[in-house]
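Below is one structure, written out as structure tokens; comments come after it.
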Amino acid sequence: MPELPEVETTRRGIAPHLEGRKIAGVTLRRPDLRWPIPPEIRRLLPGQRLLAVRRRAKYLLLDTEPGAALVHLGMSGVLRVLPGRTPPAAHDHVDIRLDSGRVLRFTDPRRFGCLLWQPAGETHELLAGLGPEPLSDAFDGDYLFELSRGRKAPVKTFLMDQAVVVGVGNIYAAESLFEAGIAPHRAAGSISRERYARLAAAVKRILGHAITRGGTTLRDFLSPDGLPGYFEQELRVYGREGEPCLVCGRKIRESRLGGRATAWCGGCQR
DNA sequence: CGTACCACCTGTCGGC
DNA sequence: TGCCGACAGGTGGTAC
């Protein structure tokens with residue numbers, strides 16, 4: 001499901017219900033999601049107080065004293081805080097019960113998500129190689145320009161590489177490239193410093209805006225309070241293949257890059 | 001190291 | 001109406 005704005009929206013939605021609460025118990029209805037759920041989740045979490053809910057890239061970290069539960073929502077995962085007596089439905093794989101009587105429930109039909117354990121003071125291997133946060137000062141046009149020299153991969157693929165910058169998935173990559181006026185198939189190494197400055201600014205603006213609007217509504221995503229996000233109606237190229245460009249009127253084109261559907265405007269993006 | 005491709009899994013949608 | 005294939009927001013692993 002989610003790109004960074006959806007994950008951040010989830011974090012903001014669940015954090016007030018979790019921080020400061022004690023974990024009353026953990027219910028695992030499946031032994032694994034994308035990977036086996038490690039024994040620490042069951043063995044160490046019960047009785048611990050939740051100290052903070054953080055986000056790194058598209059991972060959520062539920063901090064406790066001995067370590068953090070690491071959650072990735074994959075393509076179809078949802079985390080919600082529900083009344084404790086809510087009966088589980090299909091694909092409700094994990095419950096973390098709270099001393100408030102409520103329950104943090106992880107639902108994920110496709111099971112591309114994961115629930116892992118990161119001991120206090122350590123960095124999980126999956127987080128070790130990640131690039132900078134897109135909304136941080138470390139991410140800017142100069143960074144993209146320097147890192148991209150010699151790269152032949154399409155700029156869209158480059159931008160979606162989580163080792164380059166985290167949190168930019170298929171939707172927001174397409175939208176950012178449209179705003180920056182860059183054709184998605186252009187080789188990353190052939191793009192000028194000035195154009196990368198525009199691209200970095202577009203990524204920051206679009207992700208920041210999407211977060212303030214509560215993420216993009218897609219069929220698998222509801223924000224944690226059950227309300228849909230409101231960003232979908234503002235998408236300018238993603239999902240608009242064949243429709244007229246809102247700027248120049250040309251038909252939005254569709255191609256495939258790195259196996260992913262790619263929408264772009266041949267008039268506005270060069 | 002960089003790049004391309006496959007895999008994981010379920011639900012939904014369009015076409016016949 | 002029913003069936004079947006294609007596709008979906010992610011990303012680790014592998015093979016070149």
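Lettering follows sequence order; numbering is per chain, from 1. The model shown is predicted, which means the values in this text are computed figures rather than measured ones.
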Original post:
Side-chain N or O of A/R34 less than 4.0 angstrom from OP1 or OP2 on B/dA7?
Top reply: no
Original post:
Counting just side-chain N and O atoms, does A/H91 come under 4.0 Å of either OP1 or OP2 of B/dG11?
Top reply: yes
Subject >> Sole candidate of A/L144, A/D142, A/D140 that passes side chain to side chain contact (heavy atoms under 4.5 Å, CB included) when paired with A/Y196 >> reply: A/L144
**OP:** Look at the side chain of A/N170 and decide which nucleotide, out of C/dG10, B/dT10, C/dT11, has an atom nearest to it.
**Re:** C/dG10
**OP:** Would you please confirm or rule out a distance under 4.0 Å between OP1 or OP2 of C/dA8 and any side-chain N or O of A/R256?
**Re:** yes
**OP:** Calculate the interatomic distance between A/L126 atom CG and C/dT11 atom C1'; express it in whole Å.
**Re:** 9 Å
**OP:** Could you check how far CE of A/M160 sits from P of C/dA8, rounded to whole Å?
**Re:** 11 Å
Subject >> CA sep, side-chain torsions, deciding dist, call: A/L4, A/Y172, side-chain contact (heavy atoms from CB on, under 4.5 Å) >> reply: CA-CA 9 Å; A/L4 187 143; A/Y172 295 111; over 6 Å; no
Original post:
What are the two closest heavy atoms between A/A183 and A/W264, and how far apart are they?
Top reply: CB-CZ3, 4.3 Å
**OP:** Output every pair passing salt bridge (Lys or Arg N to Asp or Glu O under 4.0 Å) with a member in residues 121-136 of chain A, not counting sequence neighbours, ordered by first then second residue.
**Re:** A/R55-A/E133, A/R56-A/E133
**OP:** For nucleotides C/dT11 and B/dT12, find the distance between their C1' atoms and express it as a whole number of Å.
**Re:** 22 Å
**OP:** Return the minimal non-hydrogen interatomic distance between A/V237 and A/E175, and the atom names on each side.
**Re:** N-OE2, 2.9 Å
Original post:
Within this structure, what is the CZ-to-P distance between A/F112 and B/dC9, rounded to whole angstrom?
Top reply: 8 Å
Original post:
Quantified in whole Å, what is the P atom distance between nucleotide B/dC6 and nucleotide C/dA6?
Top reply: 13 Å
**OP:** Could you tell me the separation between the CG atom of A/D161 and the P atom of C/dT11, rounded to a whole number of Å?
**Re:** 11 Å
Original post:
So does A/R198 pair up with A/E194, basic N to acidic O under 4.0 Å?
Top reply: no
Subject >> Electrostatic pair A/D63-A/R54, nearest N-O below 4.0 angstrom >> reply: yes
Original post:
Between A/L257 (CG) and C/dC7 (P), how many Å, whole number?
Top reply: 15 Å
Original post:
How many angstroms lie between atom CG of A/L199 and atom CZ of A/R195, to the nearest 0.5 angstrom?
Top reply: 9.5 Å
Subject >> Any A/Y59 side-chain N or O less than 4.0 Å from OP1/OP2 of C/dG10 >> reply: no
Original post:
Taking any strand in view, what nucleotide pairs with B/dT12 in a Watson-Crick or G-U wobble way, both distances under 3.5 Å?
Top reply: C/dA6
**OP:** Measure the distance from CG on A/L33 to P on B/dC9 and round it to the nearest whole Å.
**Re:** 12 Å
Original post:
Where is the tightest heavy-atom contact between A/S76 and A/D108, given as atom of each residue plus distance?
Top reply: OG-OD1, 2.6 Å
**OP:** Check whether any side-chain N or O of A/H72 sits under 4.0 Å from OP1 or OP2 of C/dT11, and answer yes or no.
**Re:** yes
**OP:** Could you say whether A/E254 or A/E125 is positioned toward the 5' end of DNA chain C, judged by the nucleotide with the nearest heavy atom to each?
**Re:** A/E254
Is there any protein nitrogen or oxygen under 3.5 Å from a nitrogen or oxygen in nucleotides 1-3 of chain B, and what are the pairs?
{"residue": "B/dT3", "atom": "OP1", "partner": "A/K152", "partner atom": "N", "Å": "2.5"}
{"residue": "B/dT3", "atom": "OP1", "partner": "A/A153", "partner atom": "N", "Å": "3.0"}
{"residue": "B/dT3", "atom": "OP2", "partner": "A/R151", "partner atom": "NH1", "Å": "3.2"}

Subject >> Least distance between heavy atoms, A/P2 atom then A/L73 atom >> reply: CG-CB, 3.5 Å
Subject >> Pair A/D95 + A/R29, salt bridge at N-O below 4.0 Å >> reply: yes
Original post:
Which part of the nucleic acid, if any, lies within reach of A/G169 when heavy atoms closer than 4.0 Å are counted: base, sugar-phosphate only, or nothing?
Top reply: sugar-phosphate
Subject >> hbond_proxy A/R110 side chain to B/dC9 base (donor-acceptor, 3.5 Å cutoff) >> reply: yes
Original post:
Considering only C/dT11, B/dG11, C/dA8, which nucleotide approaches the side chain of A/R260 most closely?
Top reply: C/dT11
**OP:** With a 4.0 Å heavy-atom cut-off, tell me which residues in residues 178-185 of chain A come close to DNA chain B, sorted by residue number.
**Re:** none
**OP:** Using atom CG of A/L159 as one end and atom C1' of C/dG10 as the other, report the distance to the nearest whole Å.
**Re:** 15 Å
Subject >> Spacing of A/Y172 atom OH relative to C/dG10 atom C1', expressed in whole Å >> reply: 14 Å
